[in-house]
Every structure is written in C-alpha cells, then in structure tokens.
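Keep in mind that what you see is a predicted model, and the values were worked out from it rather than measured.
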Amino acid sequence: MFYLAIDILGTVAFAISGVLVAMEKRLDMFGVFIVAFVTAMGGGTLRDILIGNIPVAWLRNHTYLLVVLGAVVFAVVFVNQLKYLRRTLFLFDTIGIGLFTMVGVEKGVLIDLAPIMCIALGTITACFGGVIRDILCNEIPVIFRKEVYATACIAGGFCYFLFQKLPFNDTYAYIGAIGVIIVIRIIAVKYKISLPNIYPKEI
C-alpha cells in the first residue's frame with residue numbers, strides 16, 4: 001500500500017508538471033492531456049517494457065488513467081493559483097523524480113536485479129517521461145542539459161542501498177532516498193551547480 005501511494009503521488013506530480021508545460025506552449029485540451037499523460041506514464045512504460053512487465057502497469061490498472069485525468073482537471077482549474085506559487089513547475093518536477101526514482105528501484109529489487117540495475121531502472125522511470133514531454137513541446141530535455149537531474153536520481157538510488165545497510169526500517173530508507181533526491185535537485189538549482197560543459201567556449 002505504501003509503494004502504491006508513492007507511485008500515485010509521483011503520477012500526480014508529473015502529470016501536473018506536464019500540464020504546466022503544455023499550457024505554457026498554449027496547447028489545446030487534448031494536447032494538454034497527452035503531454036500530462038506521457039510525462040506521468042512515459043518513464044514507467046519504458047521501465048515495464050525493459051523488465052518484461054507487460055501489459056504495462058497503466059494498461060492493467062485504470063487507476064493511473066483516472067489519476068492523470070484528475071490531476072489534469074485540478075491543474076487546469078487552479079492554473080492561476082499554481083502560477084502564483086514560486087517555481088511551481090520545478091517543484092512538481094522535483095517531487096516527481098524523487099518519487100518515481102524509488103518506484104523504479106523497487107521494481108528492480110522485486111525481480112532481484114543487481115543494485116546498479118535497480119538504480120538504472122529508477123533513473124529511467126524518473127527521467128524519460130520528462131524527456132518525452134520536452135520533445136513533444138519542442139524543448140531540449142532537461143536530462144540532456146547541464147542541470148543536475150539524472151545525477152540526483154542516481155545519487156538517491158545509491159543512498160537507498162546505503163541506508164538499507166543501516167539499522168533502519170526499509171520504509172525509512174525509502175523515504176530518506178526520496179529526500180536525498182529532492183534536496184540535491186533543490187540545492188543544485190538554488191546554487192547553480194551543474195555538470196561541467198565538455199565543449200570549448202568558442203562553439
């Protein structure tokens with residue numbers, strides 16, 4: 001039940017971030033829903049295909065579709081209020097990657113994958129919905145820019161397996177790893193910390 005709740009919260013967070021991006025691009029309602037849906041479901045769909053968990057989760061459980069639809073309606077109705085919140089899109093996107101990273105890691109743990117593969121699954125789950133969203137909205141995906149994004153997911157995944165070595169309940173390790181991802185992302189943006197650029201300045 002705990003892991004399902006995390007999955008649903010991540011779906012809501014990513015769906016809202018998709019709505020906000022789509023509305024910035026002035027898409028119609030169908031476009032807004034599609035962008036919200038692929039943002040929320042894209043990473044998990046790719047993850048399920050990679051591990052052979054098919055039909056993928058949202059095809060087997062219509063709850064996800066209803067959650068995305070509800071999040072879209074909420075975001076559209078309260079879009080003016082959301083715009084008044086500072087860095088709303090960043091906030092929902094950051095919460096989403098924290099939650100979805102650990103959903104992906106847990107999927108890998110359940111099928112006995114090596115920790116490094118679990119972390120890779122978590123990163124895919126967290127990042128690739130946003131990649132599809134940005135491509136559909138004609139933006140360079142955040143994960144491919146200098147911002148600390150996938151790196152935060154990887155760090156959180158490593159921390160999860162580290163926390164499990166400590167005398168903590170597994171739930172605390174899970175929540176702690178989500179917190180690590182969110183904190184790393186917030187600190188990186190606040191203090192403009194980024195990965196080094198490999199290109200010469202004249203390019």
Can you measure from CD1 (I187) to NZ (K192) and round to the nearest 0.5 angstrom? 14.5 Å

Candidate pair E106 and I6, rule side chain to side chain contact (heavy atoms under 4.5 Å, CB included), full reasoning: CA-CA 11 Å; E106 184 64 21; I6 294 295; over 6 Å; no

Does any non-hydrogen side-chain atom of F100 lie less than 4.5 Å from one of D7? yes

Counting only heavy atoms not in N138, do more than 12 fall under 6.0 Å of its CG? no

Atom pair CD1/CD1 of I34 and I132 - distance to nearest 0.5 Å: 12.0 Å

Note: L99 and G10 closest approach over all heavy atoms is CD1-N, 3.3 Å

If we ignore hydrogens and angles and just use 3.5 Å, is the side chain of D28 paired with the main-chain N or O of G31 as donor and acceptor? yes

Examine distances only and state if a side-chain atom of R47 and a backbone atom of T125 form a donor-acceptor pair shorter than 3.5 Å. no

When every non-hydrogen atom of A177 is compared with those of F163, the smallest separation belongs to N-CE1, 3.8 Å

Are any of the side-chain heavy atoms of W58 and T63 separated by less than 4.5 Å? no

How far does OG1 of T123 sit from CD1 of I154, to the nearest 0.5 angstrom? 4.5 Å

Within the structure provided, determine whether V105 and L121 are in side-chain contact (heavy-atom separation under 4.5 Å). no

What do the steps show when you test F90 against I186 for side chain to side chain contact (heavy atoms under 4.5 Å, CB included), and what is the final call? CA-CA 9 Å; F90 165 75; I186 290 174; 4.0 Å; yes

Where V148 and A188 come nearest, the two heavy atoms and their spacing: CB-CB, 3.7 Å

Answer yes if L162 and M117 sit in the same cluster of Ile, Leu, Val, Met, Phe, Trp and Tyr residues linked by side chain heavy atoms under 4.5 Å apart, and no otherwise. no

Single-linkage hydrophobic cluster V68~L66, side-chain heavy atoms < 4.5 angstrom: no

Separation of T11 OG1 from L65 CG (nearest 0.5 Å): 11.0 Å

Examine F37 and V77 and state if one hydrophobic cluster contains both, with Ile, Leu, Val, Met, Phe, Trp and Tyr joined whenever side-chain heavy atoms are less than 4.5 Å apart. yes

Got a sec: does the CG of L69 have more than 12 other heavy atoms crowding it under 6.0 Å? yes

Looking at A71 and A15, what are the two nearest heavy atoms and their distance? CB-CB, 3.7 Å

Stepwise side chain to side chain contact (heavy atoms under 4.5 Å, CB included) check, V72 with V32: CA-CA 8 Å; V72 170; V32 169; 4.2 Å; yes

Within-4.5 Å side-chain heavy-atom neighbours: V56 and M41: no

Identify the two heavy atoms, one from I181 and one from A152, that lie closest to each other, and give their separation to 0.1 Å. CG1-O, 3.4 Å

Taking every heavy atom of C153 against every heavy atom of A126, the minimum-distance pair comes out as SG-CB, 3.8 Å

Step through the shown structure and confirm whether more than 12 heavy atoms of other residues, nucleotides or ligands are within 6.0 Å of CD1 on I140. no

With heavy-atom distances below 4.5 Å as the criterion, would you say the side chains of V19 and V35 are in contact? no

Checking Y174 side chain against M102 main chain: does a donor-acceptor pair fall under 3.5 Å? yes

I'd like to know if I178 and L110 are part of one continuous hydrophobic network [Ile/Leu/Val/Met/Phe/Trp/Tyr, side-chain heavy atoms within less than 4.5 Å]. no

Please report the interatomic distance CD1(I184) to OG1(T94), rounded to the nearest 0.5 Å. 11.5 Å

Heavy-atom distance under 4.5 Å between the side chains of K107 and I111, does that happen here? no

Are side-chain heavy atoms of F161 and V109 found at a separation under 4.5 Å? yes

Could you tell me whether a side-chain N or O of D48 sits under 3.5 Å from a main-chain N or O of A57, the two making a donor and an acceptor? yes

Does any non-hydrogen side-chain atom of V131 lie less than 4.5 Å from one of F144? yes

Any link between V12 and F78 through a network of hydrophobic side chains (Ile, Leu, Val, Met, Phe, Trp, Tyr) touching at under 4.5 Å? yes

I'd like to know whether R133 forms a salt bridge (Lys or Arg N to Asp or Glu O under 4.0 Å) with D93, so could you lay out the CA-CA distance, the side-chain angles of the two residues, the decisive distance to 0.1 Å, and finally the verdict. CA-CA 12 Å; R133 174 198 66 203; D93 201 49; 3.2 Å; yes

Once you round to the nearest 0.5 Å, how far does CD1 of I16 lie from CZ of F92? 4.0 Å

I'd like to know if the side chain of D170 pairs up with that of Y160 as donor and acceptor (distance under 3.5 Å, no hydrogens or angles considered). yes

